[in-house]
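Here the structure is laid out as structure tokens; the discussion comes afterwards.
All figures in this text were calculated on a predicted structure; none of them were measured in a lab.
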Amino acid sequence: QVQLVESGGGLVQAGGSLRLSCASSGSLFRINDMGWYRQAPGKQRELVASITSGGSATEADSVKGRFTISRDNAKNTVYLQMDSLKSEDTALYYCRAQILSVGAVWSTYWGRGTQVTVSS
């Protein structure tokens with residue numbers, strides 16, 4: 001069973017930084033695109049950043065210049081470096097990945113989320 005587990009969330013003061021990690025584990029063969037989403041209470045889930053298997057990264061306009069997505073293919077892990085955090089960044093952050101499992105089956109997986117709270 002393939003699983004994604006997020007970590008690194010917490011409570012920080014506005015202007016501070018956090019680094020989120022998402023580790024993939026299980027009977028996987030290859031990970032294609034990976035991304036970070038977030039959802040605040042009463043709001044729609046939104047894409048924060050994504051990165052292809054080749055390392056081509058994109059960030060949403062709301063976080064561009066402050067957040068950076070990266071990945072370590074050897075560790076099957078994707079990261080989200082968050083700097084200059086604002087109160088509006090407060091949300092539950094989810095990891096998403098397209099994974100080719102052993103047996104050549106492509107599937108999309110979601111983590112359970114890690115909470116990020118920014119105080120002002």
Quiz prompt | Transitive ILVMFWY cluster of Leu80, excluding itself - 4.5 Å side-chain cut-off | solution = Val2, Leu4, Val12, Leu18, Leu20, Leu28, Ile31, Met34, Trp36, Val48, Ile51, Val63, Phe67, Ile69, Val78, Met82, Leu85, Tyr93, Ile99, Tyr109, Val116, Val118

Exercise. Go through the structure and list residues passing side chain to side chain contact (heavy atoms under 4.5 Å, CB included) with Asn73, not counting sequence neighbours.
Key: Arg71

Practice problem: Would you confirm whether Glu6, through its side chain, and Arg112, through its main-chain N or O, come within 3.5 Å as a donor-acceptor pair? | Solution: yes

Quiz prompt | Minimum side-chain heavy-atom gap Ser119-Leu11 below 4.5 Å | solution = yes

Quiz item: Measuring from Gln13:CD to Ser87:OG, what's the distance to the nearest 0.5 Å?
Solution: 10.5 Å

Quiz item: Nearest 0.5 Å, what's the OG1-CZ distance between Thr108 and Arg96?
Solution: 4.5 Å

Exercise. Tell me, please, which residues at least two apart from Ser84 pass side chain to side chain contact (heavy atoms under 4.5 Å, CB included).
Key: Arg66

Practice problem: List, by chain and then residue number, the residues other than Leu92 in its hydrophobic cluster (Ile/Leu/Val/Met/Phe/Trp/Tyr, side-chain heavy atoms under 4.5 Å); write none if there are no others. | Solution: Tyr37, Leu47, Tyr94, Trp110

Self-check item: All side chain to side chain contact (heavy atoms under 4.5 Å, CB included) counterparts of Ser27, not counting sequence neighbours
Solution: Val102

Exercise. Would you name the heavy atoms of Ala14 and Ser120 that are closest together and state the gap between them?
Key: CB-CA, 4.4 Å

Exercise. I would like to know whether Thr90 and Gln115 meet side chain to side chain contact (heavy atoms under 4.5 Å, CB included); could you show each step before the answer?
Key: CA-CA 8 Å; Thr90 296; Gln115 180 67 39; 4.1 Å; yes

Quiz item: Within a strict 4.5 Å, meaning less than it, do heavy atoms of the Lys75 and Ser21 side chains meet?
Solution: no

Self-check item: Close side-chain approach of Arg30 and Ser53, heavy atoms under 4.5 Å
Solution: yes

Quiz prompt | Sidechain N-carboxylate O distance under 4.0 Å for Lys64, Asp61 | solution = yes

Practice problem: Starting from Trp106, walk the hydrophobic network (Ile, Leu, Val, Met, Phe, Trp, Tyr; side-chain heavy atoms closer than 4.5 Å) and list everyone else you reach, by chain and number. | Solution: Phe29, Leu100

